[in-house]
Amino acid sequence: EDDKNIFIEMAVPGTSKKDIELTYSNGYLNIKNNPNENNKSVWNQNFDEFIKIGKNIDSKKINAKFQNGIIYIDIPKKTEKITETIIEIK
């Protein structure tokens, strides 16, 4: 993680890109694997992983790639500054 992005790498040996589904909702990234029934690899099992990344991200610009059994996910943070607000008690 740095000031502008969150980086996630996840090893999924024996899995193909077409069997993986990524979704983001309510501050959580979901990485799900639905392997092809013909793939008999020991590593190719169902999984459903939720990772809390918060809501201060730009979900429209999440970038993911799959290479050599590893998913690389770059999640840009929102650039707007969160400012403090003083609330008057009445």
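All residue numbers in this chain count up from 1 along the given sequence. Note that the structure is predicted; figures quoted are calculated from it, not measured.
Under the rule for a side chain to side chain contact (heavy atoms under 4.5 Å, CB included), Asp3 has no partner lying at least two apart in sequence or in another chain. Legend: residues meeting side chain to side chain contact (heavy atoms under 4.5 Å, CB included) with Tyr28, ordered by chain and number and at least two apart, are Phe50, Lys52. Partners of Asp48 under the side chain to side chain donor-acceptor pair (under 3.5 Å) rule, at least two apart in sequence or in another chain, are Asn30. Applying the side chain to side chain contact (heavy atoms under 4.5 Å, CB included) criterion to Lys60, with sequence neighbours excluded, gives Asp58. For Glu1, the salt bridge (Lys or Arg N to Asp or Glu O under 4.0 Å) criterion is met by Lys77, not counting sequence neighbours.
Rounded to the nearest 0.5 Å, atoms CD1 (Ile75) and CG (Asn56) are 12.0 Å apart. The line from CG of Asn33 to CD of Glu21 is 10.5 Å long, rounded to the nearest 0.5 Å. In this structure, NZ on Lys78 lies 11.5 Å from NZ on Lys61, to the nearest 0.5 angstrom. Atom-to-atom distance recorded for Ile31:CD1 and Phe47:CZ is 7.0 Å, nearest 0.5 angstrom.
One hydrophobic cluster holds both Leu22 and Met10 under the rule that ILVMFWY side chains link at heavy-atom gaps under 4.5 Å.
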Ile53/Ile8 under side chain to side chain contact (heavy atoms under 4.5 Å, CB included): CA gap, chis, key distance, verdict: CA-CA 10 Å; Ile53 56 174; Ile8 297 173; 4.2 Å; yes
Thr15/Ile71 under side chain to side chain contact (heavy atoms under 4.5 Å, CB included): CA gap, chis, key distance, verdict: CA-CA 10 Å; Thr15 302; Ile71 302 170; over 6 Å; no
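The nearest pair of heavy atoms linking Tyr24 to Gly54 is OH-O, 2.8 Å. Ala64 approaches Ile73 most closely through the heavy-atom pair CB-CG1, 4.2 Å.
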